[in-house]
K.L.:
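Next up is a structure, given as structure tokens.
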Amino acid sequence: MRVIEHIQKAERTLFTIEILPPKKGENIETLFSHVESLLEFEPSFIDVTYHREEYIYREQTDGSYKKIVTRKRPGTVGICASIQNRYNIDTVPHLICGGFSKEDTENMLIELDFLGIENVLVLRGDPIKSEPGFVAHPEGHCYASEMIKQVADMNRGVYLDAELQDATPTNFCIGAAGYPEKHFESPNINTDFQHLKKKVELGAEFIVTQMFFNNQAYFDFVRRCREHDINVPIIPGLKPMATMNHLTLLPQFFHLDIPEALSLEVAKCKDNKEVKEVGIEWCVQQCKELIEFGVPVLHFYTMSRSELVKRVAKEVF
Ligand code: FAD
């Protein structure tokens, strides 16, 4: 079922999660066990992230370095298909512009369509480590909005080959990313809203937010989206803080603010066991407030670990 139908039919706040494919060489059973431990909360859909290739330099026996292209976490499409088959839960594969030509994207969409996957979250992707900024594939897309248009075109039966007659329309429900605390590259919040609006105008039917720890950022974001005539459901993304390191790593990687009250609580902790308790309590309070606000879904970034999200969900659902 399409994400938007899940939301329209919901009689309560929905529980959903995001998982990561295992690292290359690891098995899928651990991932399944994390998913299984959250089944009691009846996830309506499960997002599976996409990880593009990276370049690493490996030293050779003669002292020279060889450039190697590798993908650390392949398997997004396979995981989505196996979750749908195994648990009968809808999946939302993430699609990224980085590393993809338009033709690659079209072929991936055809594959997803044949597998019965009806949802996609369309993203630009971050720059890879060896690049100073995001560099698009020479025959690919520079921004998520461009890829959204491609998916929306396919939903109308318009494929890349203009001579293709009577092509079967796909039926993807398209999601896009939103940033309550602004996307880090955007010159200002209003410009960011203009770009978000474009994603919706071109076909995004729902928005999933970057994680945040301050609900007010989400409330303001929703209000300003509505002021900009962005009227699709806005799904809040949440993550319980789990380690002391998160105080610096989360702002560094995700460009977000940790509220002072939370950072002070974490600073008082003797070890990560205590940090986890603080993180769970904070997230539970966030969830309760968000439900009261009327959010359609609570979407948890599990990082493929279920324990903390399970503790939060037990208090909230
Ligand atoms: P865009 O919407 O393309 O925006 C990127 C930047 O360009 C923004 O600053 C925007 O304001 C600006 N912009 C947009 N359009 C234009 C334009 N026409 N002209 C000028 N500027 C413009 N990354 C992964 O690699 N894999 C994942 O699975 C993944 N999952 C994610 C899930 C969620 C919910 C979120 C919030 C992020 C995820 N990311 C993932 C990270 C994401 O790829 C990065 O945040 C990326 O930097 C931006 O992606 P976007 O789709 O928001 O880009």
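Just so you know, residue 1 is the first one in the sequence shown, and it goes up from there.
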K.L.:
Please examine the side chains of Leu298 and Leu290, heavy atoms only from C-beta on, and report whether any two atoms are closer than 4.5 Å.
P.N.:
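They are in contact (side-chain heavy atoms under 4.5 Å apart), so the answer is yes.
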
K.L.:
From Ile258 CD1 over to Phe212 CZ, what is the distance, rounded to the nearest 0.5 angstrom?
P.N.:
12.5 Å

K.L.:
Quick one: OG on Ser101 to CG on Asp104, what's the gap to the nearest 0.5 Å?
P.N.:
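Ser101 atom OG to Asp104 atom CG measures 3.0 Å (nearest 0.5 Å).
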
K.L.:
So, does Asp271 use its side chain to make a donor-acceptor pair with the main chain of Glu274 at under 3.5 Å?
P.N.:
yes

K.L.:
Looking at OG of Ser145 and NZ of Lys199, how far apart are the two atoms once the value is rounded to the nearest 0.5 Å?
P.N.:
7.5 Å

K.L.:
Does a salt bridge link Lys72 with Glu54, judged by any charged N lying under 4.0 Å from a carboxylate O?
P.N.:
yes

K.L.:
Is there a donor-acceptor pair closer than 3.5 Å between any side-chain N or O of His137 and the backbone N or O of Glu139?
P.N.:
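It does hold such a pair.
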
K.L.:
Under 3.5 Å, is there a donor-acceptor pair between the Thr170 and Asn155 side chains?
P.N.:
yes

K.L.:
Working to the nearest 0.5 angstrom, can you tell me the gap between Cys80 SG and Ile19 CD1?
P.N.:
7.5 Å

K.L.:
Less than 4.0 angstrom from a charged side-chain N to a carboxylate O is my criterion; do Glu307 and Arg305 meet it?
P.N.:
yes

K.L.:
At what distance, to the nearest 0.5 angstrom, does CD of Gln8 lie from CE of Met1?
P.N.:
9.5 Å

K.L.:
Check whether Ile7 and Ile46 end up in the same hydrophobic cluster, where Ile, Leu, Val, Met, Phe, Trp and Tyr are linked by side-chain heavy atoms less than 4.5 Å apart.
P.N.:
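Different clusters.
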
K.L.:
Measure the OG1-NE2 distance between Thr302 and His34 for me, rounded to the nearest 0.5 Å.
P.N.:
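NE2 of His34 is found 8.0 Å from OG1 of Thr302.
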
K.L.:
Using the side chain to side chain contact (heavy atoms under 4.5 Å, CB included) definition, which of the options Leu121, Val297, Leu123 pairs with Val208?
P.N.:
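For Val208, the side chain to side chain contact (heavy atoms under 4.5 Å, CB included) check succeeds only for Leu121.
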
K.L.:
When you check the gap from the basic side-chain N to the acidic O, do Lys288 and Glu292 get nearer than 4.0 Å?
P.N.:
no

K.L.:
Between Glu40 and Lys314, is there a salt bridge with N-O shorter than 4.0 Å?
P.N.:
yes

K.L.:
What class does the angle between the rings of His6 and Phe45 fall in, given that below 30° is parallel, 30 to 60° is tilted and above 60° is perpendicular?
P.N.:
tilted

K.L.:
Can you tell me which residue pairs pass the ring pair (Phe, Tyr, Trp, His ring centres under 6.0 Å) test with a partner in residues 297-317, sequence neighbours excluded?
P.N.:
Phe15-Phe300, Phe15-Phe317, His299-Tyr301

K.L.:
Taking C-beta and beyond as the side chain, do Tyr179 and Ser186 meet within less than 4.5 Å on heavy atoms?
P.N.:
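Result no, sub-4.5 Å side-chain heavy-atom pair not found.
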
K.L.:
Compute both the distance and the angle, then confirm whether Arg224 meets the cation-pi test with Phe193: under 6.0 Å from the six-membered ring centre, within 45 degrees of the axis.
P.N.:
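No, Arg224 does not lie over the aromatic ring of Phe193.
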
K.L.:
Applying the side-chain hydrogen bond (donor to acceptor under 3.5 Å, both in side chains) criterion to Asn188, which one of Asn190, Asp192, Thr191 satisfies it?
P.N.:
Thr191

K.L.:
Could you check whether any side-chain N or O of Arg86 sits under 3.5 Å from a backbone N or O of Phe32, counting only pairs where one atom can act as donor and the other as acceptor?
P.N.:
no

K.L.:
Does Lys67 make a cation-pi contact with Tyr57 (under 6.0 Å, within 45 degrees of the axis)?
P.N.:
no

K.L.:
With the threshold set at 4.0 Å, does a side-chain nitrogen-carboxylate oxygen contact exist between Glu281 and Arg311?
P.N.:
no

K.L.:
With clusters defined by side-chain heavy atoms of hydrophobic residues (ILVMFWY) lying less than 4.5 Å apart, directly or transitively, does Phe206 cluster with Val200?
P.N.:
no

K.L.:
Strictly below 4.0 Å, N to O, side chains only: are Lys149 and Asp153 in salt-bridge contact?
P.N.:
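Salt bridge between Lys149 and Asp153, a charged N being under 4.0 Å from a carboxylate O: yes.
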
